[in-house]
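These notes concern the structure reproduced below.
Order of appearance sets the numbers: ligands from 1, and atoms from 1 within every ligand.
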Amino acid sequence: MTNHEVWDKTIELNGVAIQSVVCMEECSELIKAISKRLRGELDIENNLAEEMADVTICLYQLARMYDVDDTDVHAWIDRKTERQRKRNALQDHQSGETTR
Ligand SMILES: [Mg+2]
């Protein structure tokens, strides 16, 4: 059984509503792991990587459960990245102005 088959089976067994709640919980666990790192806590058990893996699995399951097309996600990624590139360039330009 592939990873994807296991993740699909989990949706089938839990149902969309429960699995959606699990995804929300996993997002909150990732938020907590990031927060701990920001507070300078040691991550001996590799918790950040674990929670990143959980959310990565959830992103796949959310796409399956809500028929989100991978092409659409990638189009959004491209749009958002382009917008961020422009913001970075503007910020870079502005910080150059203040140091002059
Ligand atoms: Mg988790």
Side-chain angles (χ1 to χ4, degrees):
M1 206 176 217
T2 67
N3 288 349
H4 290 90
E5 287 168 341
V6 173
W7 303 336
D8 291 341
K9 185 69 181 174
T10 306
I11 296 166
E12 188 188 312
L13 291 171
N14 289 346
V16 169
I18 294 293
Q19 200 55 39
S20 295
V21 171
V22 170
C23 289
M24 295 188 314
E25 290 169 352
E26 292 299 351
C27 287
S28 91
E29 288 172 11
L30 177 58
I31 290 167
K32 207 166 123 189
I34 297 167
S35 175
K36 283 180 179 176
R37 290 295 290 263
L38 282 176
R39 284 191 281 112
E41 268 187 41
L42 292 177
D43 189 5
I44 298 158
E45 292 179 358
N46 215 6
N47 182 244
L48 182 59
E50 179 186 349
E51 298 309 337
M52 288 171 69
D54 284 341
V55 169
T56 301
I57 292 167
C58 284
L59 292 176
Y60 166 84
Q61 290 180 320
L62 286 166
R64 292 288 289 196
M65 293 188 292
Y66 295 100
D67 274 331
V68 176
D69 200 304
D70 208 40
T71 311
D72 291 339
V73 174
H74 285 280
W76 275 110
I77 289 170
D78 288 344
R79 259 181 261 166
K80 301 269 180 182
T81 303
E82 179 56 17
R83 189 175 67 181
Q84 193 61 55
R85 187 193 63 74
K86 287 176 182 165
R87 286 177 179 165
N88 289 353
L90 183 64
Q91 194 178 344
D92 215 23
H93 178 74
Q94 286 169 339
S95 73
E97 281 176 353
T98 55
T99 55
R100 268 182 246 137

* Are any of the side-chain nitrogens in D43 or R37 under 4.0 Å away from the carboxylate oxygens of its partner? -> yes

* **Identity of the N, O or S atom of E51 lying closest to the Mg ion (ligand 1)** => OE1

* When you draw lines from the Mg ion (ligand 1) to OE1 of E29 and to OD2 of D54, what angle lies between them, to the nearest 10°? -> 170°

* Asked: Got a sec: does the CD of Q84 have more than 12 other heavy atoms crowding it under 6.0 Å?
  -> yes

* Out of the N/O/S atoms in E26, what is the name of the one closest to the Mg ion (ligand 1)? -> OE1

* Closest contact, heavy atoms only, Y60 versus H4 -> CE1-CD2, 2.9 Å

* Asked: Less than 4.0 Å between a side-chain N and a carboxylate O, is that true for R79 and E82?
  -> no

